[in-house]
Asker: 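Input: one structure, supplied below.
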Amino acid sequence: MLALLAGGYLLQLLGVLLPATAPVVAGAVLGLLIEAWLLTRGTALARGLSRAQLHHPVRQLLRDGLLLGGLARLEVLRPVAYAAWLLVAVLGCWAAHFVCQAVAGRVRRSRRLPVVTRNIDASALRIGTAPPALFGRYGSARLLACSALLTAGSAVTAVTGDARWGALTALGCWAVLLAGVAHLAFRLLPARRPAGEEEVLAWLDGWLAAYKPTVGMYFSGGTASAYQANMWLSTLARLDGRPVIVLRERFMVQRIEATDIPVVCIPKVAHLMRLEHSGLAVLLHPANSGKTSHVLRIPTVKHAFINHGESDKLSSCNPYAKAYDEVWVAGPAARERYRLAGIGVRDEDVVEVGRPQLEPIRPYAGPPAPGAPVTVLYAPTWEGWTDDPGNTSLPLAGERIVAALLADPGVRLLYKPHPMTGSVDPAMKEVDRRIREQIARAEARRRDRAYGPDARNTPERTRARAELARHEAALAGLEGRGPGHGGDEAERMLRQHAGASPSAAAVREAVEAWEDSHWRACDPAEHQVLAGQRPGIYSCFNQADLLVSDVSSVVSDYLSSEKPYAVVNTTGLPEEEFRAGFPTVSAATILTPEADGIPALLDSVRGTSADPLRTARTHLKAYLLGPDEPPSAVRFARAVEALRAEAEAHRVRHGRAVRADGPEPAAADSTGPEPAGPEGQPPAGASAEEDGAL
């Protein structure tokens, strides 16, 4: 593409030197086509050109200069009056474009509020709709569209020898740009601007005072980590009281799945401190992050670490956990894990609540029917942030395991890689790609052997695919009204109050209907790569007769079904040491990196040989996840209420202590600590980094 881009300039230069109409026009058109590719698909090359100071406007200025030079050499700039208007209009278009960029930046800053919300009526903030995207946000697309019009008009002028075509096109483009600038400038008038920072923060205080949140979930993370919070949405929604979700990154507001719970994103630490006076008593934390320390400063809130899954990985007993008031775990295994780790988490601060999200997982119903395929779910974990051996089986064993499973004609393989695969080590993405190709080839061979090339055209499959398409369209319609659809951040705030977005129940029903129709539309023996958001991991659990995975929380969750499972040992430890060091694998079949033992494992799953680990799985389930009664959802709700009562008691004690002691006298000299700013604000000398400004 770089050669084609250079070729366009050379063509234009050749047209100027000859002079010749064809290269002048062809070079300009070729350049525009390359720019369109750079804008939509060639972002890496575009960034490289920008680092070399060859930004999009620079490239287009050079292209327009050569185009006008070519028109002059072709002696087609007649009548002279129109030629003058063409030159003035082209310069005017460029000036209007740059002015539009500057004004659009001011408008965007005026609409970037200090908080972002969902499911809260923000109409009092005078937000209004976003400006047209072509003027307000997409400067490169605007420049490309303007350049395309100017090039088209100039091309007609070059062919006809009449400057009026180019002049009129350029004047029309200039007029549209000026109208866009006027529209944006009108939005900067005081009466048209959204509420300012102080007004927004006062509105937030008022909303918190009126809503009186009782329990919240606090989450901060990267773009691929939203699943860690999403898995807790249904549990949080079932709690009594008034839950709230507190986020720190603006982009995360759009990545939280459908929920009816109010969502508040507060990027700055100084603004986050306003939660202290909101009455919020409990915050639940599904993940650790650097920004978690910000909210731990609030003394009136009790904090519980609920994690986003439990496993025998070192990350499941992170020393950061001792920063929380309580650590909530599924069952006795995690309590024992913290005790043995010796990282400072006291046993009395560990609370066993089970895993309330696991209710949709169906229990083991015995081996598959005779003659039916054995559905094997291979769900390897990701490489992790550390280079600990055995984090993931992909590089050492993944392709061998897949090959061994596909070699059995009675196996149906479902491959679901972790969503963060390759996010740290790009080599994992390459392994993942090879496994996908391996499965695709096997599925093509299986389909041809079983049915021939017309297998997908049977009436049953056709009807099933039609039903799936209907559910797909219904789900797309709901997601089209969801948090990430249309407008800018501020406009989405305005639209996403009660009734404007689909309810969580409606989306959940649509997802369940989609998943049900997806499995029915598939051939019962079809190998599948399930790398997308749907079907979810629990839906895959319900399809599987056997799980093959690594040491990860997937194993603990799957064990709630008590179905057979296997864990790949890529740690280099002997099997005895591996079982002793990782309790979650004690009821598993252990696979080596060479994938030995898969035929015998499949025989036990089919029921043709004994299942020696059946009783062990039942006992391990209780050890990992706790008892079945009372249900996990009940235990979780009780833990919330107990911690909330403790927070309220602490708040009462703290209030009495403050009234008894009275305020401390102010320092009399300038050598004391720097005084704090206004309530909820950092000291005057606080740095932007400490303030958490984004």
Side-chain angles (χ1 to χ4, degrees), residues 4-36 38-39 49 53-104 132 134-135 138-186:
L4 289 175
L5 184 64
Y9 289 121
L10 290 175
L11 273 176
Q12 285 188 280
L13 182 60
L14 181 63
V16 172
L17 295 176
L18 288 179
T21 300
V24 168
V25 175
V29 172
L30 177 60
L32 285 175
L33 293 175
I34 300 302
E35 291 295 349
L38 289 172
L39 182 63
L49 292 170
Q53 301 298 307
L54 291 174
H55 303 282
H56 182 192
V58 174
R59 300 193 299 269
Q60 190 57 47
L61 271 172
L62 178 58
R63 195 174 294 113
D64 286 351
L66 289 171
L67 182 60
L68 291 175
L71 294 179
R73 287 278 290 159
L74 291 170
E75 298 182 354
V76 296
L77 296 179
R78 296 186 301 270
V80 175
Y82 283 103
W85 276 114
L86 172 61
L87 179 60
V88 170
V90 169
L91 294 176
C93 285
W94 275 101
H97 168 72
F98 288 124
V99 171
C100 189
Q101 281 289 93
V103 178
L134 196 62
F135 295 106
Y138 301 138
S140 295
R142 179 176 65 249
L143 178 59
L144 184 63
C146 184
S147 301
L149 290 174
L150 293 178
T151 301
S154 299
V156 176
T157 290
V159 172
T160 63
D162 190 341
R164 280 177 291 191
W165 295 104
L168 292 174
T169 303
L171 286 169
C173 187
W174 188 16
V176 172
L177 287 172
L178 289 176
V181 171
H183 175 78
L184 292 175
F186 181 69

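The structure presented is a predicted model; accordingly, all values stated were derived computationally and were not measured. Only heavy atoms go into these numbers, but all of them, side chains included; no hydrogens, no water, no symmetry mates.
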Asker: Do you know the tightest heavy-atom contact between Leu30 and Gly7?
Answerer: CD2-C, 4.3 Å
Asker: How would you list, by chain and number, every residue that makes a side chain to side chain contact (heavy atoms under 4.5 Å, CB included) with Ala26, sequence neighbours excluded?
Answerer: Leu11
Asker: So, taking the atom named CZ in Arg142 and the one named SG in Cys93, what distance separates them when rounded to the nearest 0.5 Å?
Answerer: 11.5 Å
Asker: Check side chain to side chain contact (heavy atoms under 4.5 Å, CB included) between Leu39 and all other residues, then give those that pass, not counting sequence neighbours.
Answerer: Ser140, Ala141, Leu144
Asker: Which value, rounded to the nearest 0.5 Å, describes the distance between Leu61 atom CG and His55 atom NE2?
Answerer: 12.0 Å
Asker: Could you give the distance from CG (Leu86) to CG (Leu71), rounded to the nearest 0.5 Å?
Answerer: 7.0 Å
Asker: For Ala152, give me all partners under side chain to side chain contact (heavy atoms under 4.5 Å, CB included), at least two apart in sequence or on another chain.
Answerer: none
Asker: Rounded at 0.5 Å granularity, tell me how far CG in Leu5 sits from CG in Leu10.
Answerer: 10.0 Å
Asker: Scan for side chain to side chain donor-acceptor pair (under 3.5 Å) pairs involving residues 63-78, sequence neighbours excluded, and state none if there are none.
Answerer: Tyr9-Arg63, Glu35-Arg63, Gln60-Arg63, Gln60-Asp64, Asp64-Trp94
Asker: Check the surroundings of atom OH in Tyr82: do more than 12 heavy atoms from other residues, nucleotides or ligands lie under 6.0 Å from it?
Answerer: no
Asker: With rounding to the nearest 0.5 angstrom, report the CG to CG distance, Leu77 to Leu68.
Answerer: 7.5 Å
Asker: Once rounded to the nearest 0.5 Å, what's the spacing between atom CG of Leu33 and atom CG of Leu38?
Answerer: 11.0 Å
Asker: Between Pro19 and Val24, is there a side-chain heavy-atom distance shorter than 4.5 Å?
Answerer: no
Asker: Testing the basics here: between Leu32 and Ala148, what is the closest heavy-atom pair and its distance to 0.1 Å?
Answerer: CD1-CA, 3.7 Å
Asker: Could you list the donor-acceptor pairs under 3.5 angstrom formed by side chains in residues 164-177, with sequence neighbours left out?
Answerer:
{"from": "Arg164", "atom 1": "NE", "to": "Asp162", "atom 2": "OD1", "distance (Å)": "3.1"}
{"from": "Arg164", "atom 1": "NE", "to": "Asp162", "atom 2": "OD2", "distance (Å)": "3.1"}
{"from": "Arg164", "atom 1": "NH2", "to": "Asp162", "atom 2": "OD2", "distance (Å)": "2.8"}
{"from": "Thr169", "atom 1": "OG1", "to": "Trp165", "atom 2": "O", "distance (Å)": "2.8"}
{"from": "Trp174", "atom 1": "NE1", "to": "Gly92", "atom 2": "O", "distance (Å)": "3.3"}

Asker: Would you list the pairs meeting side chain to side chain donor-acceptor pair (under 3.5 Å) in which at least one residue belongs to residues 11-21, sequence neighbours left out?
Answerer: none
Asker: Please name all residues satisfying side chain to side chain contact (heavy atoms under 4.5 Å, CB included) with Leu4, sequence neighbours left out, ordered by chain then number.
Answerer: Met1, Ile34
Asker: Any heavy-atom pair between the side chains of His97 and Cys146 that's under 4.5 Å?
Answerer: no
Asker: Taking all non-hydrogen atoms of both residues, which atom of Val16 and which atom of Gly69 are closest, and how far apart?
Answerer: CG2-C, 4.1 Å
Asker: Any side-chain heavy atom of Leu18 sitting closer than 4.5 Å to one from Leu14?
Answerer: yes
Asker: What residue pairs, at least two apart or across chains, pass side chain to side chain donor-acceptor pair (under 3.5 Å) with a residue in residues 150-161?
Answerer: none
Asker: Does anything in residues 9-22 pair up under salt bridge (Lys or Arg N to Asp or Glu O under 4.0 Å), and if so which pairs, sequence neighbours excluded?
Answerer: none
